[in-house]
J.: 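Have a look at the structure that comes next, please.
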Amino acid sequence: MPYLKRDGDVFVLNLGTEGQNIDSENRFHPDWITEVHALLDEAEASEGPAALVVTANGKFFSNGLDTDWLFGNFDKNCCYLDRVHSLYSRLLAFSMPTVAAVNGHAFGAGAMLATSCDFRLMRADRGFWCLPEVHLGMPSTVAMNALLTERLTNQVCVEAMTTGRRYAADDAIAKGIVDGKADAEALLAAAVAQADVLKGNRKPNLQQIKKALHQKALAGLAVETTPENLGFSPS
């Protein structure tokens, strides 16, 4: 399960499990989603200047939806997807500055999680940001489309969503998907340093600024997922 540590005034949310396999794919199991929300609650309960870094260890940042759970509980797919969307909304309007340190592969829902942060740094030498749904025969939800089309340019969305292109760091920077890169051993420190510079912006007005900035994306993320808007016929 994910865990939270603190580096000075910067909270570091690690999407993996402390002390276990560093190549965990950090997929969005329902219990994992609940724990991420609880850790975000913990960070927000603090007082004073603060910022948040979201990262993981090893080969993966996050490999996205927990497809094993999803296809084993397909009658709950819409509720599950809305829980996934809730993390994006939470980060978009988070009450402190956020920086994603994309340490490895960020695929599908994991790529969108990184895109929900204010700023994104990516490992320079390894790992891809990718939306593979077109290859998997999976639809994008109304909420996911709203997030991506508001956070990225339209043409980048066309390329990423209709081709499933895998973007390494330099390509992702060129397309505006991420803001910068760092070597693997320096990535977390670089993200923490960037977040630390921003910690003083944690003021009551920051969340309102973010809500206004991301008004359209947040409205789309609030649309309930149904079989109809997923493209499935109702039973």
J.: Would you say Val158 and Thr163 make side-chain contact, with heavy atoms under 4.5 Å?
T.: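 Not in contact.
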
J.: Determine the sole option in Phe128, Trp129, Phe61 for which the ring-ring contact (aromatic ring centres under 6.0 Å, His included) test with His105 is passed.
T.: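 The option that passes is Phe128.
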
J.: Nearest 0.5 Å, what's the OG-CG distance between Ser24 and Leu15?
T.: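 Output value for this atom pair is 9.5 Å.
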
J.: Could you measure the distance from the NZ atom of Lys211 to the OG atom of Ser89? Nearest 0.5 Å is fine.
T.: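 Here the interatomic distance stands at 10.5 Å.
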
J.: Which value, rounded to the nearest 0.5 Å, describes the distance between Arg166 atom CZ and Asp171 atom CG?
T.: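 Between Arg166 CZ and Asp171 CG, I get 13.0 Å after rounding to 0.5 Å.
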
J.: So Glu150 and Lys216, salt bridge (Lys or Arg N to Asp or Glu O under 4.0 Å) or not? Walk me through it.
T.: CA-CA 7 Å; Glu150 288 300 319; Lys216 291 181 180 179; 5.0 Å; no

J.: Answer with yes or no whether the hydrophobic clustering places Leu131 together with Tyr88; edges join I, L, V, M, F, W, Y residues whose side-chain heavy atoms lie under 4.5 Å apart.
T.: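 Shared cluster, yes.
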
J.: In Å and rounded to the nearest 0.5 Å, what is the CG to CG distance from Leu92 to Leu213?
T.: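 Nearest 0.5 Å value for the CG-CG distance: 10.0 Å.
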
J.: Report whether Leu87 and Val142 are members of the same hydrophobic cluster (ILVMFWY, side-chain heavy atoms less than 4.5 Å apart, transitive linking).
T.: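 Result: no, two separate clusters.
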
J.: Val223 versus Asn229: any side-chain heavy-atom pair under 4.5 Å?
T.: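 Yes, side chains in contact.
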
J.: Looking at Gly64, is its backbone amide N or carbonyl O close enough to the side chain of Arg27 to form a donor-acceptor pair, meaning the two atoms are under 3.5 Å apart?
T.: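 No.
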
J.: State whether a side-chain donor-acceptor pair under 3.5 Å links Ser46 with Arg202.
T.: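 Side-chain D/A pair, Ser46 to Arg202: present.
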
J.: Taking everything shown except Arg90 itself, do over 12 heavy atoms lie less than 6.0 Å from its CZ?
T.: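 Yes, enclosed.
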
J.: With a 3.5 Å cut-off and no angle check, do the side chains of Thr225 and Asp82 form a donor-acceptor pair?
T.: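 Yes - a donor-acceptor pair under 3.5 Å links their side chains.
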
J.: Would you check if the side chain of Asp196 reaches a backbone N or O of Val192 as a donor-acceptor pair within less than 3.5 Å?
T.: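 No, Asp196 side chain to Val192 backbone: no donor-acceptor pair under 3.5 Å.
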
J.: Ignoring hydrogens and angles, tell me if any N or O in the side chain of Gln207 forms a donor-acceptor pair with the backbone of Phe94 under 3.5 Å.
T.: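 Checked: no pair found.
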
J.: Would Lys5 and Asp7 satisfy salt bridge (Lys or Arg N to Asp or Glu O under 4.0 Å), going step by step from the backbone distance to the final call?
T.: CA-CA 7 Å; Lys5 292 191 172 182; Asp7 186 340; over 6 Å; no

J.: Do side-chain atoms of Arg126 reach the backbone of Arg123 as a donor and acceptor pair under 3.5 angstrom?
T.: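 Here the side-chain-to-backbone pair does not exist.
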
J.: Hydrophobic clustering (ILVMFWY, side-chain heavy atoms < 4.5 Å, transitive) - are Leu206 and Leu198 grouped together?
T.: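 In one cluster: no.
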
J.: Among the clusters formed by ILVMFWY side chains lying less than 4.5 Å apart, do Ile33 and Leu4 turn up in the same one?
T.: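 Yes: a chain of side-chain contacts under 4.5 Å links Ile33 to Leu4.
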
J.: Tell me if the aromatic rings of Tyr80 and Trp69 count as close, with their centers under 6.0 Å from one another.
T.: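 Yes; Trp69 has its ring centre under 6.0 Å from that of Tyr80.
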
J.: Would you sort out whether Lys59 and Glu25 count as a salt bridge (Lys or Arg N to Asp or Glu O under 4.0 Å), showing the intermediate values?
T.: CA-CA 8 Å; Lys59 184 178 179 179; Glu25 294 186 11; over 6 Å; no

J.: For Asp183 and Glu185, indicate whether the former's side chain and the latter's backbone hold a donor-acceptor pair under 3.5 Å.
T.: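 Not at all, since once roles are kept as given, no pair shorter than 3.5 Å links the two residues.
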
J.: Show, in sequence, the C-alpha distance, side-chain angles and deciding distance for Leu13 and Val36, and conclude whether the side chain to side chain contact (heavy atoms under 4.5 Å, CB included) test is met.
T.: CA-CA 8 Å; Leu13 172 61; Val36 171; 4.1 Å; yes

J.: For a 4.5 angstrom cut-off between non-hydrogen side-chain atoms, does Leu187 reach Met122?
T.: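 The answer is no, as the side chains (C-beta and beyond) never meet within the 4.5 Å cut-off.
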
J.: Is any side-chain heavy atom of Tyr167 closer than 4.5 Å to a side-chain heavy atom of Cys130?
T.: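 No, every pair of side-chain atoms sits at 4.5 Å or beyond.
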
J.: Is there a side-chain contact between Arg6 and Val12 in this structure, where contact means two heavy atoms from C-beta onward sitting under 4.5 Å apart?
T.: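 Not touching, per the 4.5 Å side-chain cut-off.
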
J.: Verify the cluster assignment for Phe11 and Leu188: are they in a single hydrophobic cluster under the rule of side-chain heavy atoms below 4.5 Å apart?
T.: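 Result: no, two separate clusters.
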
J.: Whether the Ser95 and Glu44 side chains hold a donor-acceptor pair (N or O, under 3.5 Å, no angle test) is what I'd like checked.
T.: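 Yes, Glu44 and Ser95 have a side-chain donor paired with an acceptor closer than 3.5 Å.
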
J.: Would you give the length of the straight line joining atom CG of Leu39 to atom CE of Met1, rounded to the nearest 0.5 angstrom?
T.: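 Rounded to the nearest 0.5 Å, the CG-CE separation comes to 8.5 Å.
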
J.: Among side-chain atoms of Thr34 and Asp31, is any donor-acceptor pair under 3.5 angstrom?
T.: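 Thr34 vs Asp31: no donor-acceptor pair found between side chains.
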
J.: Donor-acceptor check, side chain of Asn103 to backbone of Ala56, threshold 3.5 angstrom: yes or no?
T.: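 Present.
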
J.: What distance do Asn63 atom CG and Phe28 atom CZ have between them, rounded to the nearest 0.5 Å?
T.: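 Here the rounded value is 10.5 Å.
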
J.: Side-chain contact test, heavy atoms from C-beta onward, threshold under 4.5 Å: evaluate it for Val10 versus Val99 and give yes or no.
T.: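 The answer is no, as the side chains (C-beta and beyond) never meet within the 4.5 Å cut-off.
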
